[in-house]
Amino acid sequence: MAQAPVNVTVTGAAGQIGYALLFRIASGQLLGADTPVKLRLLEIPQAVKAAEGTAMELDDCAFPLLQGIDIFDDARQAFDGSNVALLVGARPRAKGMERGDLLEANGGIFKPQGEAINAGAADDIRVLVVGNPANTNALIAQAHAPDVPAERFTAMTRLDHNRALTQLAQKLGVSVTDIKKLTIWGNHSATQYPDIFHAEVNGTTGAQAVNDDAWLRDDFIPTVAKRGAAIIEARGASSAASAANAAIDHVHDWVNGTPEGDWTSAAIPSDGSYGVPEGLISSFPVVSRNGAWEIVQGLDIDAFSRERIDASVQELADERDTVRKLGLI
Ligand SMILES: NC(=O)c1ccc[n+]([C@@H]2O[C@H](COP(=O)([O-])OP(=O)(O)OC[C@H]3O[C@@H](n4cnc5c(N)ncnc54)[C@H](O)[C@@H]3O)[C@@H](O)[C@H]2O)c1
Ligand SMILES: O=C(O)C[C@H](O)C(=O)O
């Protein structure tokens with residue numbers, strides 16, 4: 001019997017990440033070459049026409065796996081029956097806006113989207129939040145979807161993970177495929193901590209292979225953590241194709257599993273592991289088994305790493321306290 005299509009909802013579909021993402025979903029890169037998909041696109045009313053234009057182009061690709069495209073400006077409709085939800089659309093930071101203002105503005109988006117997911121998404125719904133501030137937006141959406149298992153709400157740090165892989169590979173003159181078990185900890189923000197102490201590179205650790213504390217501290221960590229800002233500075237717009245690529249990687253691995261002998265990074269609800277307060281949606285070393293993320297356990301965390309993990313987790317706790325005060329969770 002032919003496989004039933006998977007309903008994939010993408011918010012912010014007419015934006016720049018949406019444009020880089022939708023064609024890859026429709027071509028089978030998100031879920032696999034045998035899985036048909038139906039796209040459900042959500043946009044604000046002013047951007048629906050642009051989303052229609054993208055849908056016309058999707059049609060013009062004649063993707064064999066694409067079984068339909070529906071466009072909505074209503075979250076309840078867009079998430080109805082959804083199996084995978086990519087929450088990309090978000091309110092960008094405007095000039096003079098404080099972090100709290102940004103969190104409040106995004107609360108107006110992610111609260112109703114969480115409610116809509118709760119009301120109508122399929123039982124197996126998996127949510128990836130890309131729109132910034134991604135971790136706390138995921139927390140807001142999750143708080144308004146009490147009937148959905150909490151662990152189905154995740155936020156994207158895979159772009160940071162991929163950035164760190166390439167920076168380390170370039171430093172060592174190796175291929176990214178030679179590097180395993182790298183980790184991004186904490187928030188998708190400038191406080192994130194890319195950890196190469198447990199990374200494996202051709203029989204040694206990433207840190208030992210580098211053997212250059214100054215590079216690690218003053219170059220690698222800030223380069224990865226501030227890469228988003230560097231892209232904005234260079235392009236005049238935030239990362240789009242690389243962000244879409246990371247979203248594909250995250251959901252692909254979540255659904256299909258991570259390779260044996262490696263792990264990846266994803267922001268998932270903490271179970272208290274590594275001293276991260278339970279419930280915070282924080283980035284961890286993770287594997288995916290049987291369609292669910294699991295935090296890799298038992299890693300030794302030295303003082304250098306501890307300080308950096310704690311700083312990023314503290315930022316997440318502060319963001320959670322802000323949205324709590326605003327009544328968003
Ligand atoms: N987590 C990450 O690694 C990462 C990486 C890159 C970008 N981002 C973030 O992703 C988000 C999207 O980036 P972009 O470059 O595509 O932005 P963009 O401005 O090009 O597109 C955003 C789209 O979202 C739409 N939108 C706004 N509110 C909406 C709502 N309530 N419902 C549905 N759609 C809505 C807008 O109309 C717009 O088309 C931003 O918040 C950006 O900072 C995250
Ligand atoms: O850094 C940003 O503001 C954009 C995005 O989150 C990124 O990491 O590229």
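Both counts, for ligands and for their atoms, begin at 1 and track the order of listing.
- Taking 4.5 Å as the limit, some side-chain heavy atom of T183 sits within range of a side-chain heavy atom of W263.
- In D123, the CG atom is not crowded: 12 or fewer heavy atoms of neighbouring residues, nucleotides or ligands sit closer than 6.0 Å.
- For atom 12 (C) of ligand 1, the closest non-hydrogen atom of the protein is V88 O, 3.3 Å.
- At a 3.5 angstrom cut-off on N or O pairs, G89 does not count as close to ligand 1.
- Protein heavy atom in closest approach to atom 40 (C) of ligand 1: N132 N, 4.1 Å.
- For atom 7 (C) of ligand 1, the closest non-hydrogen atom on the protein side is I17 CD1, 3.4 Å.
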Worksheet entry | side chain to side chain donor-acceptor pair (under 3.5 Å) between T154 and H250, worked out | CA-CA 10 Å; T154 67; H250 177 114; 3.0 Å; yes

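- Considering each of I44, T157, L87, the one bringing a non-hydrogen atom nearest atom 27 (C) of ligand 1 is I44.
- Scanning all protein heavy atoms for the shortest distance to atom 17 (O) of ligand 1 gives Q16 CG, 4.4 Å.
- Listed by number with element, the atoms of ligand 2 under 4.0 angstrom from any heavy atom of H188 are 5 (C), 6 (O), 7 (C), 8 (O).
- Checked for salt-bridge contact, R324 and E319 miss the test: no charged N lies under 4.0 Å from a carboxylate O.
- Within 6.0 Å of CG in D302 there are more than 12 heavy atoms belonging to other residues, nucleotides or ligands.
- At a heavy-atom cutoff of 4.0 Å, ligand 1 is contacted by the side chain of L159 but not by its backbone.
- Ring planes of W185 and Y274: perpendicular class, angle over 60° (limits at 30 and 60°).
- Side-chain atoms of T191 and E315 include a donor-acceptor pair closer than 3.5 Å.
- Less than 4.0 angstrom separates some heavy atom of A90 from each of these atoms of ligand 1: 41 (O).
- Listed by number with element, the atoms of ligand 1 under 4.0 angstrom from any heavy atom of S238 are 15 (O).
- Residues D262 and K181 form a side-chain contact, since some pair of their non-hydrogen atoms from C-beta on lies under 4.5 Å apart.
- The shortest N or O to N or O distance between D160 and ligand 2 is not below 3.5 Å.
- A donor-acceptor contact closer than 3.5 angstrom is absent between the side chains of N187 and Q192.
- The distance from ligand 1 to the heavy atoms of H188 drops below 4.0 Å at these ligand atoms: 1 (N), 2 (C), 3 (O), 4 (C).
- Distances shorter than 4.0 angstrom occur between a heavy atom of R163 and an atom of ligand 2.
- Contact check on E294 versus R289 returns no salt bridge, with no Lys/Arg side-chain nitrogen under 4.0 Å from an Asp/Glu carboxylate oxygen.
- At a heavy-atom cutoff of 4.0 Å, ligand 1 is contacted by the side chain of Q113 but not by its backbone.
- The shortest separation from a heavy atom of S239 to ligand 1 is under 4.0 Å, placing the residue in contact.
- There is a side-chain donor-acceptor pair under 3.5 Å between T264 and R158.
- At least one heavy atom of N132 sits less than 4.0 Å from an atom of ligand 2.
- Counting only N and O atoms by type, the side chains of Q297 and S273 include a donor and acceptor under 3.5 Å apart.
- In summary, the atoms of ligand 2 found under 4.0 Å from a heavy atom of G228, numbered by their order in the structure, are 1 (O), 7 (C), 8 (O), 9 (O).
- Both the backbone and the side chain of M156 come within 4.0 Å of ligand 1, counting heavy atoms alone.
- Counting protein heavy atoms only, atom 44 (C) of ligand 1 is closest to V130 O, 2.9 Å.
- Atom CZ of R320 has more than 12 neighbouring heavy atoms from other residues, nucleotides or ligands inside a 6.0 Å radius.
- For ligand 2, the atoms lying closer than 4.0 Å to a non-hydrogen atom of S239 are 7 (C), 9 (O).
- Protein heavy atom nearest atom 39 (O) of ligand 1, with residue, atom name and distance: E43 OE2, 2.5 Å.
- Residues I248 and L21 form a side-chain contact, since some pair of their non-hydrogen atoms from C-beta on lies under 4.5 Å apart.
- Closer than 4.0 Å to atom 19 (O) of ligand 1 lies none of the heavy atoms of the protein.
- Salt bridge annotation for R306-D310: present, with a cationic side-chain nitrogen under 4.0 angstrom from a carboxylate oxygen.
- The proximity of I109 to ligand 1, defined as any non-hydrogen pair under 4.0 Å, is limited to the side chain.
- Between D212 and K171 a salt bridge is recorded (basic side-chain N to carboxylate O distance below 4.0 Å).
- Residue G12 approaches ligand 1 through these ligand atoms, each under 4.0 Å from one of its heavy atoms: 23 (C), 24 (O), 25 (C), 33 (C), 34 (N).
- The protein atom (non-hydrogen) at minimum distance from atom 3 (O) of ligand 2 is I232 CD1, 3.8 Å.
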Discussion item. Working note: D195 + I184, criterion side-chain contact (heavy atoms from CB on, under 4.5 Å); need CA distance, chi angles, decisive distance, verdict.
Written reply: CA-CA 6 Å; D195 176 358; I184 304 293; over 6 Å; no

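- Note: no N/O pair closer than 3.5 Å links S238 and ligand 2 by distance alone.
- Residue A243 has at least one heavy-atom neighbour below 4.0 Å for each of these atoms of ligand 1: 5 (C), 6 (C).
- The distance from ligand 1 to the heavy atoms of A14 drops below 4.0 Å at these ligand atoms: 39 (O).
- Of all protein heavy atoms, the one lying nearest to atom 22 (C) of ligand 1 is G15 CA, 4.2 Å.
- Not close to ligand 2: R227, with no non-hydrogen atom less than 4.0 angstrom away.
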